[in-house]
Asks: 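Structure incoming, see below.
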Amino acid sequence: MKSARTRIKDVLACSQPIAEVCVKGWVRTLRRGKGVAFVELNDGSCFASLQVVMEAGMADYETASKIGTGACLAVTGALESSPAKGQTWELKAQKVVVLGDSDAEYPLQKKRHSFEYLRSIAHLRPRSNTFGAVFRMRSALSFAIHRFFQERGFLYVQTPIITANDCEGAGEMFRVTTLDPARPPMENGQVNWGEDFFAERTGLTVSGQLQAELFATAFGDVYTFGPTFRAENSNTSRHAAEFWMIEPEMAFADLAEDCRLGEDFIRYLVRYALEHCREDLAFFNDRIEKGLIDKLEKVADAEFKTMTYTQAVDVLQKSGQHFEFPVEWGHDLQSEHERYLTEKVIDGPVFVTDYPAGIKAFYMRINDDERTVAAMDLLLPRVGEIIGGSQREERKEVLLRRMKESGIAPESLPWYLDIRRWGSCPHAGFGLGFERFLMYVTGMENIRDLIPFPRTPGNAKF
Ligand code: 4AD
Ligand code: MG
């Protein structure tokens, strides 16, 4: 363990003292006493910091004991058991090298900052306790997501980010173009997109689903995990203009199997967090959402409930609860309705299925009643909708009819229709919003605090 850097996480996990070890990290706090200075050094490898003790006899003591909060240090010393309360080890410094100095204007001084303020210094917030924990969770759960699907034999497919198709048909695509906005080529009073880079109108993808479906009809079970973009001008705590989505797609599956996969997936990720992210979860449980760990343990064991949209409307109408938006069959559920169902009626996760065809996307499979589609949303307490999915319309004629009803020209999606022409099969899938899921497992309340550099209306700094 000489000279090479050891991560603080590994140092703190040692079972016995070490004569010489080198750590590198950033100063969280510095306390000076008489002839001694205590530094809390954090390198992001774990929540805890390592206490470094510098004594006056040490070479370079004068320089080292004057560094400021936020400075970057390389410390070599002896790991000894600590007399201080609440920590097993401390590092008796023998040599301290200041790799990067700091000054009194470093914004992350000791006091607690609001999340709003920390968002304005998104380049530094990863060095705070809360955001250290958030981004370690995000990384650990990204790995768990791949592990879940790989263990089940799903193929990982990277679907395009630039696309000509608005999968959800909601008109929320960001445009991608190389045309000069001041002087676009015109034809009959309209912009001639044929002269654009891709010779047609393109944008950033709102979902990888349509392409994932193509792969499902070759590989059976597939999943995507990538960035998704929506120019939704809604300034809520649950919407981001750039977010990450996981979209599994399964050939030969119906809506019930789709829900089963969604439930297994959520419970697997929750268990993974409970097993592998204990230290960070303890912090969230203590400081962000009281009872968080109990809640997660309950979800890891519970069976998710299911109700149809029609039942949900019935329950909401009979609830006697006053809602800002009235509940009426045929209208989409608003987040106040979703939260009432999952928080008050069920008190846990609930799938709502079989929505009216008129409020859902063209690709969802029409049920025998001809009024509803085989769709599902998974609702969770505090967060609301976290998963949206469906069985897909695999019958070519029905799909053509649905496209026409939804105002989608069949000529714009010939490849999507081809899949229904050659070797069509029942298939189903869903999309999980990664940041919304992270809100649920950390207790953090604003989606801007779960993604490293949030993009929302009016904000693309950093
Ligand atoms: O319900 P959505 O729109 O479904 C789809 O995009 C389907 N194509 C998925 C599929 O079947 N393969 O979005 C899926 C999930 C939502 O439930 C939500 O968790 C998340 O994506 N989501 C957002 N997350 C953050 N910010 C936004 N603006 C989001 N819009 C959707
Ligand atoms: Mg949805």
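Start at 1 with the first residue, then count along the sequence. Numbering of ligands and ligand atoms starts at 1, following listing order.
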Asks: Does the N or O separation between Cys167 and ligand 1 drop below 3.5 Å for any pair?
Replies: no

Asks: Which residue supplies the protein heavy atom nearest to atom 5 (C) of ligand 1, what is that atom called, and how far is it?
Replies: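 In this structure, atom 5 (C) of ligand 1 has Glu168 OE2, 3.4 Å as its nearest protein heavy atom.
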
Asks: Considering only heavy atoms, which of Leu380, Leu378, Ile447, Val383 lies nearest to atom 25 (C) of ligand 1?
Replies: Ile447

Asks: Which protein N, O or S atoms sit under 2.8 Å from the Mg ion (ligand 2)?
Replies: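 Sorted hits: Glu385 OE2.
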
Asks: Just jot down the ligand 1 atoms closer than 4.0 angstrom to any heavy atom of Gly388, in number order.
Replies: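 The atoms of ligand 1 under 4.0 Å from a heavy atom of Gly388 are 1 (O), 9 (C), 10 (C), 11 (O), 17 (O).
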
Asks: To check your reading of the model: name the closest protein heavy atom to atom 15 (C) of ligand 1, its residue, and the distance in Å.
Replies: Gly431 O, 3.6 Å

Asks: Donor-acceptor pair, distance only, cut-off 3.5 Å: does the side chain of Asn165 make one with the backbone of Cys167?
Replies: no

Asks: Are any non-hydrogen side-chain atoms of Thr202 and Thr177 less than 4.5 angstrom apart?
Replies: no

Asks: Could you tell me the residue and atom name of the protein heavy atom closest to atom 24 (N) of ligand 1, and the distance to it rounded to 0.1 Å?
Replies: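 For atom 24 (N) of ligand 1, the nearest protein heavy atom comes out as Phe243 CD1, 3.5 Å.
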
Asks: Which ligand 1 atoms are under 4.0 Å away from a heavy-atom of Glu247?
Replies: 7 (C), 8 (N), 9 (C), 10 (C), 12 (N)

Asks: Hey, could you give me the CG/OG1 distance between Asp103 and Thr69, rounded to the nearest 0.5 Å?
Replies: 10.5 Å

Asks: CZ/Phe362 to CD/Glu393 distance, rounded to the nearest 0.5 angstrom?
Replies: 11.0 Å

Asks: Distance to 0.1 Å, residue and atom name: give those for the protein heavy atom nearest to atom 26 (N) of ligand 1.
Replies: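 Heavy-atom neighbour on the protein nearest atom 26 (N) of ligand 1: Ala240 N, 3.0 Å.
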
Asks: Within the 4.0 Å heavy-atom shell around Ser207, which atoms of ligand 1 are there?
Replies: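 The atoms of ligand 1 under 4.0 Å from a heavy atom of Ser207 are 6 (O), 8 (N).
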
Asks: Dump the intermediate steps for ring pair (Phe, Tyr, Trp, His ring centres under 6.0 Å) on Trp329 and Tyr309, then the final yes or no.
Replies: CA-CA 8 Å; Trp329 201 98; Tyr309 166 89; 5.7 Å; yes

Asks: Near Ile387, which atoms of ligand 1 are under 4.0 Å from a heavy atom of that residue?
Replies: 17 (O)

Asks: Honestly, is Arg436 close enough over Tyr440, meaning NZ or CZ under 6.0 Å from the six-membered ring centre and within 45° of the axis?
Replies: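 No; the conditions do not both hold, so Arg436 does not lie above the ring face of Tyr440.
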
Asks: Assess whether a salt bridge exists between Arg401 and Glu397, defined as any Lys/Arg side-chain N lying under 4.0 Å from an Asp/Glu carboxylate O.
Replies: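 The answer is no: the pair does not qualify as a salt bridge.
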
Asks: Would you mind running through ligand 1 and noting each atom that sits below 4.0 Å from a heavy atom of Arg392?
Replies: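 By the 4.0 Å cutoff, the relevant atoms are 10 (C), 11 (O), 12 (N).
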
Asks: Find all atoms of ligand 1 within a distance of less than 4.0 Å from any non-hydrogen atom belonging to Met245, and give their numbers and elements.
Replies: 6 (O), 13 (O), 14 (C), 15 (C), 21 (O)

Asks: Quick one: is the NZ or CZ of Arg127 closer than 6.0 Å to the six-membered ring centre of Tyr106, and within 45° of its axis?
Replies: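 Not satisfied by the 6.0 Å and 45° rule.
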
Asks: Is there a donor-acceptor contact under 3.5 Å from the side chain of Ser406 to the main chain of Ile408?
Replies: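 Not a single qualifying donor-acceptor pair exists.
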
Asks: Trp244 and ring-ring contact (aromatic ring centres under 6.0 Å, His included): which partner among Phe225, Phe437, Phe434?
Replies: Phe225

Asks: Heavy atom under 4.0 Å from ligand 1: found in Phe430's side chain, backbone, both, or neither?
Replies: backbone

Asks: Which residue holds the protein heavy atom closest to atom 19 (O) of ligand 1, what is that atom called, and what is the gap in Å?
Replies: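 Protein heavy atom with the smallest distance to atom 19 (O) of ligand 1: Ile386 O, 2.8 Å.
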
Asks: Salt bridge check, Arg136 against Glu279: does any charged N sit closer than 4.0 Å to a carboxylate O?
Replies: no

Asks: What heavy-atom pair brings Glu168 and Val206 nearest, and what distance separates the two atoms?
Replies: N-CG2, 3.9 Å

Asks: Is the closest heavy-atom distance from Arg238 to ligand 1 below 4.0 Å?
Replies: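 Flag set, Arg238 near ligand 1.
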
Asks: Which ligand 1 atoms does Glu385 reach within 4.0 Å, using its non-hydrogen atoms?
Replies: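 Matching atoms, with element in brackets: 1 (O), 16 (C), 17 (O), 19 (O).
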
Asks: Looking at Arg7 and Asp10, is any side-chain nitrogen of the basic one under 4.0 Å from a carboxylate oxygen of the acidic one?
Replies: no

Asks: For residues Glu247 and Ser207, is any side-chain donor paired with an opposing acceptor at under 3.5 Å?
Replies: yes

Asks: Could you tell me if Tyr363 and Glu213 have a donor-acceptor pair between their side chains, going purely by distance under 3.5 Å?
Replies: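 The criterion, which ignores hydrogens and geometry beyond distance, is not satisfied for Tyr363 and Glu213.
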
Asks: Side chain, backbone, both or neither: which part of Glu232 has a heavy atom under 4.0 Å from ligand 1?
Replies: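 Near ligand 1, Glu232 shows its side chain, while the N, CA, C and O stay back.
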
Asks: Mark up the atoms of ligand 1 that fall under 4.0 Å of a heavy atom belonging to Tyr363, in ascending order.
Replies: 7 (C), 8 (N)

Asks: Please state which option from Gln209, Arg230, Glu249, Arg436 has its nearest heavy atom closest to atom 6 (O) of ligand 1.
Replies: Arg230

